[in-house]
Amino acid sequence: MKIATWNVNSISVRLQHVLQWLDGNRPDALCLQEIKCVDAKFPAGAFREIGYAAEVFGQPTYNGVAILSTTPAADVQRGFHNDAADAQRRLIAATIGGVRVVNVYIPNGSEVGSEKYEFKLSWLARLRKFFEEACDADQPLVLCGDFNVAMEDRDVYNPKEWEGKILCSEPERAAMRAVREWGMVDLFRRHHEEPGNYTWWDYRGGGFPRNLGLRLDHLWASESLAAKCTATWIDKLPRTLEKPSDHAPVIAEFKF
DNA sequence: ATGGTTGCTTAGCAA
């Protein structure tokens, strides 16, 4: 079984990249973030034609998440239970092939100390609560998506420059550790120790060709699922195409 | 150095 995550930065602009990538990689599930479209405009038909069902939680202009899968998704949850109707759409969860898949687009936070930063921290506190109330750490579960947090210095191309800045500040790292301590492990770090592995490169300043990136996109699994993980990798190929997303897909493979 | 680039929407915001 393969589960993948990819911040596509607009599904309408990236549709051909995603279709091509699914064709070549055939994951059992692909979690998408920043689809930037309403449910009615999500190109579900194009995915259906290549064998993928879609569960979508979109909104106009910003955010939006979806899960594509080769087998039907069960028990789909859209957003937090106590969300207002107009809340930002950043979480969708579903059970696929016996695995609880939680797909998140965690707020960026803009700047440390800003209103958006406070929103990010409170959103992360709610995410921890979501796991306590709605999930079972003893079951196979994966949390994946664009976390908008580089957890450690080895996930950052220039840790000194980024120290204390957004995506790297200690409070957001601590909030993410609190989520992880509910009962998950970082699958990528279980298989790769070395620095220099990134999933996001800024469009500006030639970030990608110089590998000036951050590792922001993650798959974290409960121990019962992590024990079955045989490999994880970042696929930089789509980032080399014309008009790419600024994020690369990340994949985890499991053998049951 | 508050720049640079992309997407949605059409000037300004968010990333």
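So that the names make sense, note that chain A is the first sequence line, chain B the second, and so on, each numbered from 1.
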Would you indicate, yes or no, if B:dG7 has its OP1 or OP2 atom less than 4.0 angstrom from a side-chain nitrogen or oxygen of A:R14?
yes
Pairwise N/O distances under 3.5 Å, protein to nucleotides 11-15 of chain B:
from, atom 1, to, atom 2, distance (Å)
B:dA14, OP2, A:K116, NZ, 3.1
B:dA15, OP1, A:R90, NH2, 3.4

Measuring only the C1' atom in each nucleotide, how far is B:dC13 from B:dT2? A whole number of Å is fine.
16 Å
Please state the C1' separation for the pair B:dA11 and B:dT6 - nearest whole angstrom.
16 Å
Ring pair (Phe, Tyr, Trp, His ring centres under 6.0 Å): pairs with one or both residues in residues 36-68 of chain A, sequence neighbours excluded:
A:F42-A:F47
In whole angstroms, the gap separating C1' of B:dG7 from CD of A:E242 amounts to 17 Å
Hey, is the main chain of A:T232 close enough, under 3.5 Å, to the side chain of A:H192 for a donor-acceptor pair?
yes
Considering only residues two or more places apart or on different chains, which pairs with a residue in residues 125-146 of chain A satisfy ring pair (Phe, Tyr, Trp, His ring centres under 6.0 Å)?
A:F131-A:W182
Given the C1' atoms of B:dA14 and B:dT9, what is the spacing between them in whole Å?
12 Å
For a quick test of reading the model: is some side-chain N or O of A:S10 closer than 4.0 Å to OP1 or OP2 of B:dC8?
yes
Interatomic distance where NZ belongs to A:K41 and P belongs to B:dT9 [whole Å]:
8 Å
What is the separation between atom CG on A:D202 and atom C1' on B:dG7, rounded to the nearest whole Å?
14 Å
A:I35 or A:E111: which one's nearest nucleotide on DNA chain B is closer to the 5' end?
A:E111
Side-chain N or O of A:S245 less than 4.0 angstrom from OP1 or OP2 on B:dT6?
no
Taking ILVMFWY side chains as joined if any heavy atoms are under 4.5 angstrom apart, and letting links pass through other members, which residues group with A:V38?
none
Centroid separation under 6.0 Å, is that true for the rings of A:F188 and A:W233?
no
Test question: given the 4.5 Å side-chain rule for I, L, V, M, F, W and Y, name all other residues clustered with A:V156, or answer none.
A:V112, A:Y117, A:L121, A:Y157, A:W162, A:I166, A:L167, A:Y198, A:W200, A:W201, A:F208, A:L212, A:L214, A:L216
Nearest-Å distance once atom C1' is located in both B:dA15 and B:dG3
16 Å
Who passes salt bridge (charged side-chain N to carboxylate O under 4.0 Å, His left out) against A:E181, sequence neighbours left out?
none
